[in-house]
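Okay, here's the structure, questions in a sec.
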Amino acid sequence: MRFSGRSALVTGAAGGIGAAIARQLRAEGARVAVADRDTGGIEAEAHLPGDLLDPAYADGLAGAARAALDGLDIVINNAGVITRGPVTETTDADWSLSLGVNVEAPFRICRAAIPLMAATGGGAIVNVSSCWGGKAPGPNHAVYCMTKAAIASLTQCMAMDHAHQGIRVNAVCPNEVNTPMLRTGFARRGFDPDTAVAELGRTVPLGRIAEPEDISDVALFLASDAARYVCGALVEINGGKAVA
Ligand code: NAD
């Protein structure tokens, strides 16, 4: 029960990776506030539904979580969207959506959370970047990769600037993960998701793509006291399939 007495906010908690993180934090003793567009049916100590594209909602999430849980020790910025294509096929709507959810919302949440956490001695923030951002971009997802590089950079900047307040900021950088984000992408492009996931798994040295728990285990390590000297790290979780 390494998170007993800790309070955590998890965004994107209705999705594949976010649900695993929220479930595992609670299983290990944390009190958890879940945020997503629809949080119905998620087991948690507090439900904070809303749209992260709404600046007032994103600005208020950390305070709302602290009020609901009577504390805030851990923030997991996990919510994300993926848009595909090179810049020449990227619409204004894709741009606003990607920047809004993947970069602006975590910026707003961290800006509000850091002073709250500092006032009670510190805490841990874990951002969900991607191997396509933490390390190098991949093809045909220009704006997605750029947003994941932006959150990786923001992670390193915040880690440097707020370590002295007892706040550790780190990011996980997954490669492919078996979640609705990946599966709906396959379905939209006319592939059977199970077949496509199995084929993709054969390109990974460990023989399969990640399951959400492969990512949540590392996110929880970074949020835990075992990672007390880890600050500003971008941790690749890729089954041995490194990007160039
Ligand atoms: P997912 O689609 O299952 O979950 C994402 C969640 O974010 C959803 O529940 C969605 O409702 C929420 N969300 C999106 N826009 C929102 C908004 N405007 N307001 C509130 N909530 C919103 O995807 P996932 O694969 O679990 O992704 C989680 C994170 O992992 C994302 O940041 C993603 O970029 C990252 N990631 C995923 C993969 C992968 O292969 N699945 C790889 C690398 C990184």
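Read the numbers this way: they start at 1 and go in the same order the structure lists the ligands and their atoms. Each residue takes its place number in the sequence, starting with 1.
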Heavy-atom contacts under 4.0 Å between W132 and ligand 1: side chain, backbone, both, or neither?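 It is neither part, as no heavy atom is under 4.0 Å.
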
Give me the residue, atom name and distance of the protein heavy atom closest to atom 41 (N) of ligand 1.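 Among all protein heavy atoms, the one nearest atom 41 (N) of ligand 1 is T179 OG1, 3.1 Å.
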
Under a heavy-atom criterion of less than 4.0 Å, does I82 contact ligand 1?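 In this structure, I82 fails to qualify as a contact of ligand 1 - no heavy atom is under 4.0 Å.
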
Sub-4.0 Å heavy-atom contact, G50 with ligand 1: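 Flag set, G50 near ligand 1.
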
Below 4.0 angstrom, N of the basic side chain to O of the carboxylate: do D70 and R31 qualify?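 R31 and D70: not salt-bridged.
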
Consider ligand 1: state whether an atom of it lies below 4.0 angstrom from any non-hydrogen atom of N175.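 So N175 counts as touching ligand 1.
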
Which of the atoms in ligand 1, numbered in the order shown and given with their element, are less than 4.0 Å from a heavy-atom of V81?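 Answer, ordered by atom number: 14 (C), 15 (N).
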
For V87, the rest of its hydrophobic cluster, which grows through side-chain links under 4.5 angstrom: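 V87 clusters with nothing; isolated.
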
With the threshold set at 4.0 Å, does a side-chain nitrogen-carboxylate oxygen contact exist between R23 and E213?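 Looking at R23 and E213, the cut-off is met.
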
Below 3.5 Å, N or O to N or O, backbone or side chain included: is there any such pair between G15 and ligand 1?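 It does: an N or O of G15 is found under 3.5 Å from an N or O of ligand 1.
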
What protein heavy atom sits nearest atom 40 (O) of ligand 1, and how far off is it?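 Atom 40 (O) of ligand 1 sits closest to the protein heavy atom V177 N, 2.8 Å.
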
Provide the closest heavy-atom pair for P212 versus N178 in the form atom of the first, atom of the second, distance.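 Heavy atoms only, the tightest pair is CD-O, 3.6 Å.
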
Specify the protein heavy atom at minimum distance from atom 16 (C) of ligand 1: its residue, its atom name, and the distance to 0.1 Å.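 Ranked first by proximity to atom 16 (C) of ligand 1 is R37 NH1, 3.7 Å.
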
When you measure from atom 19 (N) of ligand 1 to every protein heavy atom, which one gives the shortest distance, and what is it?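 Result: L52 N, 2.9 Å.
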
Close approach, A13 and ligand 1, non-hydrogen under 4.0 angstrom: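 No; A13 lies far enough from ligand 1 that no heavy-atom distance drops under 4.0 Å.
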
Distance-only donor-acceptor hits, side chain of residues 223-234, under 3.5 Å, sequence neighbours excluded:
unit_1	atom_1	unit_2	atom_2	d
S224	OG	F221	O	2.7
S224	OG	A226	N	3.2
D225	OD1	R6	NH1	3.4
D225	OD2	R6	NH2	2.8
R228	NH1	D225	O	3.2

Any ion pair linking R208 and D214 (charged N to carboxylate O, less than 4.0 Å)?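 Salt bridge between D214 and R208, a charged N being under 4.0 Å from a carboxylate O: yes.
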
Identify the protein heavy atom lying closest to atom 3 (O) of ligand 1, giving its residue, its atom name and the separation to 0.1 Å.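 Protein heavy atom with the smallest distance to atom 3 (O) of ligand 1: G16 N, 2.9 Å.
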
Write out the residue and atom name of the closest protein heavy atom to atom 27 (O) of ligand 1, then the distance separating them to 0.1 Å.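 In this structure, atom 27 (O) of ligand 1 has M181 CE, 3.9 Å as its nearest protein heavy atom.
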
Which atoms from ligand 1 have a heavy atom of A79 less than 4.0 Å away?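 In order of number, 7 (O), 32 (O).
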
Would you check whether E176 has a nitrogen or oxygen atom less than 3.5 angstrom from a nitrogen or oxygen atom of ligand 1?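 No; the residue has no nitrogen or oxygen that sits under 3.5 Å from a nitrogen or oxygen of the ligand.
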
Min side-chain heavy-atom separation D192-F186 under 4.5 Å: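 Not in contact.
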
Identify, for atom 30 (O) of ligand 1, the protein heavy atom at the shortest distance, and state residue, atom and that distance.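 Looking at atom 30 (O) of ligand 1, the protein heavy atom closest to it is V128 CG1, 3.2 Å.
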
Evaluate S130 for polar contact with ligand 1, using N/O atom pairs at a separation under 3.5 Å.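 Min N/O separation from ligand 1 is not below 3.5 Å for S130.
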
Could you say whether the N/O atoms of I17 and ligand 1 ever approach to under 3.5 Å?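 Among all N and O atoms of I17, at least one is under 3.5 Å from an N or O of ligand 1.
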
If you compare all heavy atoms of D59 against all heavy atoms of A112, which two are closest, and at what distance to 0.1 Å?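 In this case the closest contact between D59 and A112 is O-CB, 3.5 Å.
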
Are E45 and R26 side-chain neighbours, meaning at least one heavy-atom pair lies under 4.5 Å?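 Counting from C-beta outward, E45 and R26 do come under 4.5 Å.
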
Is the closest N or O pair between P174 and ligand 1 shorter than 3.5 Å?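 Such a contact does not occur with ligand 1.
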
Whether the Q24 and D217 side chains hold a donor-acceptor pair (N or O, under 3.5 Å, no angle test) is what I'd like checked.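 Yes, side-chain donor-acceptor contact under 3.5 Å.
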
State, without any angle test, whether D94 and T83 hold a side-chain donor-acceptor pair at a distance under 3.5 Å.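 Short answer, no.
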
Per-residue contact class, S129 against ligand 1 - non-hydrogen pairs under 4.0 Å: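 S129 to ligand 1: backbone contact only, side chain stays beyond 4.0 Å.
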
Taking 4.0 Å as the limit for heavy-atom contacts, which would you say applies to D51 with ligand 1: side chain only, backbone only, both, or neither?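 The answer is both, backbone and side chain.
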
Ligand 1 contact on V101 by region, counting heavy-atom pairs under 4.0 Å: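 For V101, only side-chain atoms sit under 4.0 Å from ligand 1.
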
Numbered atoms of ligand 1 (with element) below 4.0 Å of P180, judged on heavy atoms: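 Ligand 1 atoms under the 4.0 Å threshold to P180: 3 (O).
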
I209 and ligand 1 - part of the residue with a heavy-atom distance under 4.0 Å: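 The answer is neither; I209 stays 4.0 Å or more away.
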
Please list the nearest protein heavy atom to atom 8 (C) of ligand 1 with its residue and the distance rounded to 0.1 Å.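 Result: D36 OD2, 3.5 Å.
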
Would I237 and N175 count as a side-chain contact (heavy atoms from CB on, under 4.5 Å) here? Give the steps. CA-CA 6 Å; I237 312 168; N175 205 325; over 6 Å; no

Salt-bridge contact D194-R183 (side-chain N to carboxylate O under 4.0 Å):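 Yes, this pair counts.
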
Between K241 and E176, does at least one N-O distance fall below 4.0 Å, as a salt bridge requires?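 A salt bridge links K241 with E176.
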
At a 4.0 Å threshold, what atoms of ligand 1 neighbour a non-hydrogen atom of K148?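 Matching atoms, with element in brackets: 31 (C), 32 (O), 33 (C), 34 (O).
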
So that I can tick it off, tell me whether R37 and D51 are bridged by a salt bridge, with the cut-off set at under 4.0 angstrom between side-chain N and carboxylate O.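 No, D51 and R37 are not salt-bridged.
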
Considering the heavy atoms of G80, write down every atom of ligand 1 situated less than 4.0 Å from one of them.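 So the answer, numbered in order with elements, is 5 (C), 7 (O), 14 (C), 31 (C), 32 (O).
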
Hey, mind stepping through T11 and N78 against side chain to side chain donor-acceptor pair (under 3.5 Å) and telling me if it holds? CA-CA 5 Å; T11 72; N78 161 76; 5.3 Å; no

